Amino acid sequence: MPACHSHSLTPPLAAWFADQRGQPQGFQRAAWKAHAEGRSGLIHAPTGFGKTLAAWLGPLDEAMRDLPHDRPAPCRLLWITPLRALAADTLQALAEPIQHLGLPWEIAARTGDTSAYRRAKLRERLPFALITTPESLSLMISQPDFRRRLAGLTTVVLDEWHELLGSKRGVQTELALARLRRWFPELRTWGLSATLGNLDQAREALLGNRHPEGVTLTAPVIKPLEIETLIPQDIERFPWAGHLGTRMAGPVARRILQARTTLLFTNTRSQTELWFQEILAALPDLHGQIAMHHGSLDREERQRVEAGLKDGSLRCVVCTSSLDLGVDFAPVDQVIQVGSPKGIARLAQRAGRSGHQPGAKSRILGVPTHALELIEFAAARDGWEAREIEARIPLHQPLDVLVQHTLTCLLGQPDDPAELLQEFRTTRAFRDLDSTSWQWLVGFITSGGHALQAYPQYRKAHQGNDGLLHFDDAAAARLHRMNIGTITSDPAITLRFASGKSLGTVEESFISRIRPGQVFVFAGRQLELVRFHQLQATVRASTKKHRGQVATWNGGKSPLSNELASAIARRLHHPPSPAPEHRAVQPILDVQRRWSVLPGRDQLVVEFTRTREGEHLFIYPFAGRLVHEGLATLAAARLSRDIGESVDLTQNDYGFSLMAVRGLSLSEALIRSLLSPQDLLDDLLSAMNSAEMARRQFREIARVAGLLAPDLPGKRRSHRDLQVSSSLLFEVFTRYDPDNLLLDQARREILERQLEWTRLKATLDHLAQRPLHLIETERLTPMAFPLWADQLSAHLPAGDAHTRLEAMLARLEQEASQS
DNA sequence: GACCTGCTGCGGCGTG
């Protein structure tokens, strides 16, 4: 072994390690050594491979060398975790060696869950190691004497750094790190990350301008990942479209019986509700041992389920990505994914919830909900084997976060604007923040800007005679602390029994479709709505025989990742290796090939089909749903301008379709003009009603920047009249302060987040170079069918669409098997 | 305010 040997832990610590884990791994030794040399960096290893000890034993070892062993130690380490639930587990893990060695050094956690009493204690004295969240760290930064209490800090660790990266939470953390490093120039920063496509950028965001001195340490092990797919019995009768996949419930239930504990992931909350019912119905004997977990369930219920997983009393939990991360579930021995994996890293992350011990294999069972999803699982395996892991791109200059953070800093201590700017420029996110923008920001927080200068509540800071910026209005300070954080969400409706017990939340749009007396399914129960009044819904358990409709939410729409989309396109045309999924779906692919061609990445396939509804174009760029939405909107707007007819559109992860009663044709010139990159931005913005989108996006920005009065805890929204709505602010800025940089940010965020501008532009440029393969088909092909079905259900009453779909499906299946 | 399928995450305080 190379230089790694040159650093050895102090004997008692080394003995403890050997006793617990045997030989340290190379990357762990390397981390301890780098830490002892005063370096920082990123540690990258699969779950369960000892990242925690790699980051923890360095500072612990150092403290054992230079601190007395017989009395409490000053604060040396901050450990940042993105999840409250992880704080408790981390606390336990860090405490282990401390307890074993009998050191009187305190470890404590500080999150939103920490009691007022504990917080007061922590305000007196910080422990040797403090575990906290980015938001709580910001809150502490806003306390005037935090810096003094931290004196002696040597190390900060960012757990699950990949989780924060790519979001405003990540930027908030970058800024907090910059502050800590300004206070303590010798501070060492260690980030822990799962597999990620852009480790370099991750380290840049972690270390800011110290990036060049940093190291990246990777565990040399590649955790074996086994992706198996549940192949439908009769592929000829397996649906070409759909997303629920409940016809696979029987075989899935059998798998659940074969394992001790199963985690069953779905892609949406309502799918979780539905599958929970299906599994319960298939396995009535396991009543009480099957549970569900998603983000809209009451927190107590979720914690109960997490505890049940931990102690092994549950056989199966149906969940959404709410269990992607979190408490350590050593007992889980089977992971199932129902529906599209969406991304390679995502599937690997979920698979990693099983086989937690080093050396153990991660396994996941994929369950397709429609025929082509079989290909997706095979493609995810290809992608993993080729190490095509998705990147998480760090954000660039979100000024709303900087407005918030600047005020947070000033709350802690008055500061010189020039020095603040210098500090902020040490982060990756704001490294090229220009002085003009900074001056604008200072003006905005001290005066409210052009539009709001008449309103004192927007003048939060002032520049004193000392030249420093101050924030010392006690009432405003309290409001600011209540507003810290970058996570925003729409108000939700709490469902309660008459007793007051809360079950969780639904959206207003869902509950307002339910009439009192009607039954619906939520949290795995049949509930009858008693009344819905003042944003409170009262329910009671229903004993009615028929099952009501399952709750739905309008959540995020995560598109197929670029990496997985490419892997799918590649597998269709040049499969890198044989795969059972591919063999199984072959009959469907054969139908596609016979009636049309197989779309892929080498050429752009466009199908033209006439149905009873009209004429359809089906186009398959394989660029993910958001991009297809942008392309379809663009093409539809251009087309209807040309033909003077209204054009309907739909999109999914593989492609999009345009439909008009008449006027479509299969001409290369027409298609090329629809998809021309020329005037792209203008056409797109006007087609997508971007003004309205920006107005909506601005709400989040206004919230993060602290322009909206925070929702006071406990108070209902009836205080709305006191609130300045984000919409009004948007109007005011647009009219009286058009140069407001937050407006600009809203436009940028729309472009990147809703329209995936970069990917969309790249797709169009790529399409312009690909040959077109135009083909008129007599019938809807397997690729076209899901798009057509979507369109149908969007335009007809639900029952009607369903009947027609069934009939069409039956006919197509029949034809497919005959031809 | 739009969506009809669509994820997750924190924090403030006082009370049901």
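None of these values were measured; they are calculated from a predicted model. Just so it is clear: chains get the letters A, B, ... in the order the sequence lines come, proteins before strands, and each one is counted from 1.
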Please report, rounded to the nearest Å, how far the [atom2] atom of [N] is from the [atom1] atom of [X].
| X | N | atom1 | atom2 | answer |
| --- | --- | --- | --- | --- |
| A/Q651 | B/dC3 | CD | P | 10 Å |
| A/H480 | B/dC13 | NE2 | P | 13 Å |
| A/R302 | B/dC10 | CZ | P | 8 Å |
| A/L86 | B/dT8 | CG | C1' | 13 Å |
| A/N483 | B/dC13 | CG | P | 13 Å |
| A/R753 | B/dC7 | CZ | C1' | 14 Å |
| A/E507 | B/dA2 | CD | C1' | 11 Å |
| A/R625 | B/dT5 | CZ | P | 10 Å |

Is [X] close enough to [N] that one of its side-chain N or O atoms is under 4.0 Å from OP1 or OP2 there?
| X | N | value |
| --- | --- | --- |
| A/T552 | B/dC3 | no |
| A/S136 | B/dC10 | no |
| A/T133 | B/dG11 | yes |

Salt-bridge criterion met for A/E390 and A/R346 (N-O under 4.0 Å) = no
Sidechain N-carboxylate O distance under 4.0 Å for A/K168, A/E700 | yes
Is the closest side-chain heavy-atom distance between [X] and [Y] below 4.5 Å?
| X | Y | result |
| --- | --- | --- |
| A/W553 | A/V506 | yes |
| A/E160 | A/H162 | yes |
| A/W788 | A/S657 | no |

Name the nucleic acid region contacted by [X], choosing base, sugar-phosphate or nothing; use a 4.0 angstrom heavy-atom cut-off, strictly under.
| X | result |
| --- | --- |
| A/K168 | nothing |
| A/G485 | nothing |
| A/S138 | nothing |
| A/R346 | nothing |
| A/R110 | sugar-phosphate |
| A/G500 | nothing |
| A/N554 | base |
| A/L139 | sugar-phosphate |
| A/I487 | base |

CZ of A/R699: more than 12 outside heavy atoms within 6.0 angstrom?
->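 Check fails, neighbour count at 12 or below.
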Take A/H243 and A/H294, find for each the nucleotide of DNA chain B with the closest heavy atom, and name the residue whose nucleotide sits nearer the 5' end.
->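 Of the two residues, A/H243 wins.
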Between A/R84 and A/S321, which is nearer to the 5' end of DNA chain B once each is assigned its nearest nucleotide?
->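 It is A/S321, whose closest nucleotide lies nearer the 5' terminus.
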Rounded to whole angstrom, note down the [atom1] distance from [N] over to [M].
| N | M | atom1 | answer |
| --- | --- | --- | --- |
| B/dG6 | B/dA2 | C1' | 14 Å |
| B/dC13 | B/dG9 | P | 22 Å |
| B/dC7 | B/dC3 | P | 16 Å |

Proximal nucleotide (of [options]) relative to the [X] side chain:
| X | options | value |
| --- | --- | --- |
| A/R269 | B/dT5, B/dC7, B/dA2 | B/dC7 |
| A/S322 | B/dC10, B/dC13, B/dT8 | B/dT8 |
| A/S509 | B/dG6, B/dT8, B/dC3 | B/dC3 |
| A/R703 | B/dG11, B/dC4, B/dG6 | B/dG11 |

Would you say the side-chain atoms of A/E306 and A/H293 include a donor-acceptor pair closer than 3.5 Å?
->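 Side-chain D/A pair, A/E306 to A/H293: present.
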